[in-house]
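Heads up: the structure comes next, in structure tokens.
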Amino acid sequence: MSERVNVEKKSPSPGTPETGTNSAQAGVSAAKAGAVLPSLGPVGMLRWAWTQLTSMRTALFLLLLLAVAAVPGSLFPQRPANPAVVTQYIKDHPDYGKILDSLQLYDVYSSAWFSAIYILLFISLIGCVVPRAIVHYKAMRSQPPRTPARLSRLPEYGTLVVPADAGIPASRAIDDAAALLKKRGYRVDVRDRDGDRPSLGAERGFLREVGNLVFHTALIGVLVSVAAGGLFGYSGQRILVEGDTFVNTLVGYDQFTPGTNFQSSQLEPYSIQLDKFHITFDRESKGKFGQPIDFKADVTTKENPGAPAKQEVLKVNDPLSLGGTSIYLTGNGYAPVVTVRDGAGNIAMQGPVVAKLQGDNYYSSVVIKVPDAKPEQLAFAGFFLPTAFITKEGVSFSGDPELFNPQLTLNSYYGDLGLDSGSPQNVFELDVKKLTPLNARNLPTKGIVLTPGTTHTLPNGKGTISFDGVKRYVGVDIHHNPGQGYALFFALLAVAGLVTSLYVNRRRVWVRTGTHEDGRTMVEYGLLARGEDHRLAGEAAAIRALLSAAWPLDDRPADDSGADSQPVPSATADNDRADTGARADAGTQASTDQPAADFIQSTAGSPESKKDQ
């Protein structure tokens, strides 16, 4: 509740220095000191919060805050991308690793604080766009503002005089001007056509605000599309060796990252088989000799188990579209084919082993785990060289990426691999802490060196390992994002709206005509831009040229003072000359004596004017 403060004014007694002004000021000061502001209350607070949230300044701040909030996603490992890396990061940083986890910095894009910023930005944009769209719709349906009393006060102003013998009265001149402005794209409203001083108001450039609204609406569309992709999309990776087939099921992925609302029913049962992988190396350039310059994978695809097979080619930056997913070629390498027999002579493992690239010329590390070997589980770790060379110190290295002299160098181990416990392990890493070495360079048994077609017998009757050949493999990324196409569409729409709002100018034109005492038709025009418009002078010159071409103009002075009747429009027009020419055609009128500030005041408080500011 507010209090009303009554201040009693007392007349100063004779001889006192106080005046009436000082007494009034004292009364105002006392009133301010005793005034109590009314409380907003719950409803008022909600209205104030909504006004602040839906302001354009808040929307821009939230957009900047969203960009800043996304920075930790690139600084810290993210659990959806690789949970094992996050676990290792916490182990390596025990002092603050768990604190970061409690702040959800390993799940930035699904965290509560990131989602809150995202939702607030979404609401703010909607709260900005909807009211502005309603105001702009009403402005497009309304008539242009009334003609100012003094057009000479406008930034661009000019006058024209049509001779009496041309037979063009004021009403016809205003109709001609209206037709020309309509052809130029203006929305025209003619006023007092049959009066002594007919005029018109014209306006164009509504596309400027339309582009602005389209831009903000497209931003909302981008946010919705990105959210839809995060909720219903998924991604995964798979390594395919030549001859292998991938079926789009959960068990078919080497690594799978589902969306928040992912359902396994979204997976289309398509299949893709790697038939042959082709790679071309640079053999001419000295600086880049041996570098790969072209990749191509021949694949066989099926939309579903009963569909006919289709031969296709998968290339880098040229993905396949299959079953609503995009399949990208992301990597390649060699997969040595080996056969491992246990101590009883049984085949415990047979097939290609993916070698992980580690250095130049396809130098690759190899890890082989044989949990089915009897009586002890076996494991091998080493490296694969496509073209093996040996230095004077006896160190092997790869001299070329092609398979000119393939070599497989391994150390062997036996013991419990820890796979029976069910704990996940990285297939490219081997923990040898609990294993007993069989072959190694620092042991009397030495390391294992194999070439295609050779076999090595393990010590202590543990079995044998054979190097049967080499195949190539490729790594593919599979992405399903239902909002990806919509996000691209809205992004392009946002650019189009932004360009439109930047290059389209909102302009208003007024033209007034009248008849001089000697029969000449006097024409004056003025232009005003809504906002900043550096091309307004050029538009004034273009309109003047159109009007000049429509009528035969009189070169005589408009009055006895010798003032030029055809002045060039200027932002610093001579008001006295303009007023003399304007009043000479129809006598003295009360409207010409009204200040131009009346017009400015009548439009400055309108909702549309506030919107443009």
Side-chain angles (χ1 to χ4, degrees), residues 39-81 99-137 209-234 257-262 481-498 500-502 607 610-613:
S39 59
L40 290 176
V43 177
M45 183 62 71
L46 289 176
R47 288 179 177 175
W48 176 85
W50 175 255
T51 302
Q52 297 300 315
L53 179 60
T54 57
S55 67
M56 186 56 62
R57 181 178 301 176
T58 302
L60 293 176
F61 174 76
L62 289 173
L63 189 62
L64 176 62
L65 187 61
L66 187 70
V68 174
V71 172
S74 59
L75 297 179
F76 303 104
Q78 297 299 295
R79 187 171 281 111
I99 298 177
L100 297 179
D101 194 14
S102 64
L103 296 176
Q104 297 181 303
L105 292 179
Y106 304 128
D107 302 273
V108 169
Y109 306 110
S110 59
S111 62
W113 47 272
F114 189 87
S115 301
I117 300 173
Y118 196 92
I119 294 173
L120 286 176
L121 177 60
F122 184 79
I123 296 174
S124 179
L125 287 175
I126 294 178
C128 291
V129 170
V130 173
R132 292 181 63 177
I134 295 174
V135 171
H136 186 61
Y137 175 75
E209 181 63 15
V210 171
N212 200 0
L213 292 173
V214 167
F215 171 73
H216 290 91
T217 304
L219 287 183
I220 298 174
V222 170
L223 292 177
V224 174
S225 301
V226 172
L231 290 173
F232 304 104
Y234 61 86
T257 305
T260 306
N261 289 354
F262 168 78
N481 189 343
Q484 182 176 2
Y486 296 102
L488 175 61
F489 169 76
F490 284 117
L492 295 176
L493 192 63
V495 173
L498 182 61
T500 302
S501 64
L502 291 176
K610 294 179 181 179
K611 165 177 64 65
D612 287 342
Q613 295 300 325

Exam field: side chain Gln484 to backbone Gly229, donor-acceptor pair closer than 3.5 Å: no
Can you find a heavy atom in the side chain of Gln104 that is under 4.5 Å from one in the side chain of Val108? no
Paired with Leu125, the side chain to side chain contact (heavy atoms under 4.5 Å, CB included) test is passed by just one of Leu223, Thr58, Leu120, namely Leu223
Do the side chains of Phe232 and Phe262 get nearer than 4.5 Å, heavy atoms only? no
Contact between Tyr118 and Val226 at the side-chain level, heavy atoms closer than 4.5 Å - yes or no? yes
Any side-chain to backbone donor/acceptor pair from Tyr109 onto Gln78? Under 3.5 Å, distance only. no
Keeping to residues at least two apart or across chains, list the salt bridge (Lys or Arg N to Asp or Glu O under 4.0 Å) pairs with something in residues 39-56. none
Taking side chain as C-beta onward, heavy atoms only, is Trp113 less than 4.5 Å from Leu105? yes
Separation of Leu60 CG from Leu65 CG (nearest 0.5 Å): 12.5 Å
Anything under 3.5 Å between a donor and an acceptor, one on a side chain of residues 486-497, the other on a protein residue two or more places apart or in another chain? List them.
none

Going by salt bridge (Lys or Arg N to Asp or Glu O under 4.0 Å), name the pairs with one or both residues in residues 106-122, residues two or more places apart or in two chains. Arg79-Asp107
Kindly say whether Leu121 contributes a backbone atom to a donor-acceptor pair with the side chain of Ser124 at under 3.5 angstrom? no
Taken to the nearest 0.5 Å, the spacing of Leu498 CG from Phe215 CZ works out to 5.0 Å
